[in-house]
Amino acid sequence: MTISARAMRRTPAALAGEILALCRLAGATAGVRMRGDLAERGVADDALALLGLPSRNELVAAEAAADASATRRRR
């Protein structure tokens with residue numbers, strides 16, 4: 001990860017919030033892909049639920065949080 005000088009001028013809390021939002025987004029994206037791969041291989045929905053893999057709705061929420069963080073950054 002590279003953090004620009006501009007980003008380093010932000011408050012620590014704001015920078016941490018953005019980094020966490022991006023990490024959540026990356027994790028949700030990977031989890032949704034894994035869920036899709038397993039579903040294609042025939043893993044049952046109840047088994048997928050037990051694995052705790054994120055749903056598309058959770059991915060959308062992570063994307064919204066990352067977008068909100070980016071919007072706050074631009075202000």
Side-chain angles (χ1 to χ4, degrees):
M1 173 183 349
T2 302
I3 301 174
S4 70
R6 181 178 179 203
M8 291 298 291
R9 288 190 294 270
R10 299 178 64 204
T11 66
L15 182 57
E18 185 172 355
I19 290 170
L20 286 174
L22 292 171
C23 288
R24 287 185 187 109
L25 176 59
T29 300
V32 167
R33 285 185 188 149
M34 178 61 74
R35 179 184 276 268
D37 289 346
L38 292 172
E40 285 179 10
R41 294 175 188 213
V43 176
D45 288 339
D46 57 340
L48 291 172
L50 290 172
L51 291 173
L53 295 171
S55 66
R56 290 242 179 241
N57 290 339
E58 291 169 300
L59 176 58
V60 169
E63 288 171 341
D67 287 346
S69 180
T71 299
R72 284 190 301 271
R73 183 184 73 222
R74 286 186 218 115
R75 291 181 181 169

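- The structure places CZ of R56 at 9.5 Å from CD of E63, a figure rounded to the nearest 0.5 Å.
- The CG atom of L15 sits 9.5 Å away from the CG atom of L20 when rounded to the nearest 0.5 Å.
- Of the listed residues (L48, L53, D37), just one forms a side chain to side chain contact (heavy atoms under 4.5 Å, CB included) with V43, and that residue is L48.
- Note that the CD1 atom of I19 and the CE atom of M1 stand 5.0 Å from one another [nearest 0.5 Å].
- Atoms CG and CG, on D46 and L51 in that order, are 10.0 Å from each other to the nearest 0.5 Å.
- The nearest pair of heavy atoms linking G27 to P54 is O-CG, 4.4 Å.
- Shortest non-hydrogen contact noted between A28 and A62 is CB-CB, 4.1 Å.
- A66 and L22 get closest at one heavy-atom pair: CB-CD2, 4.2 Å.
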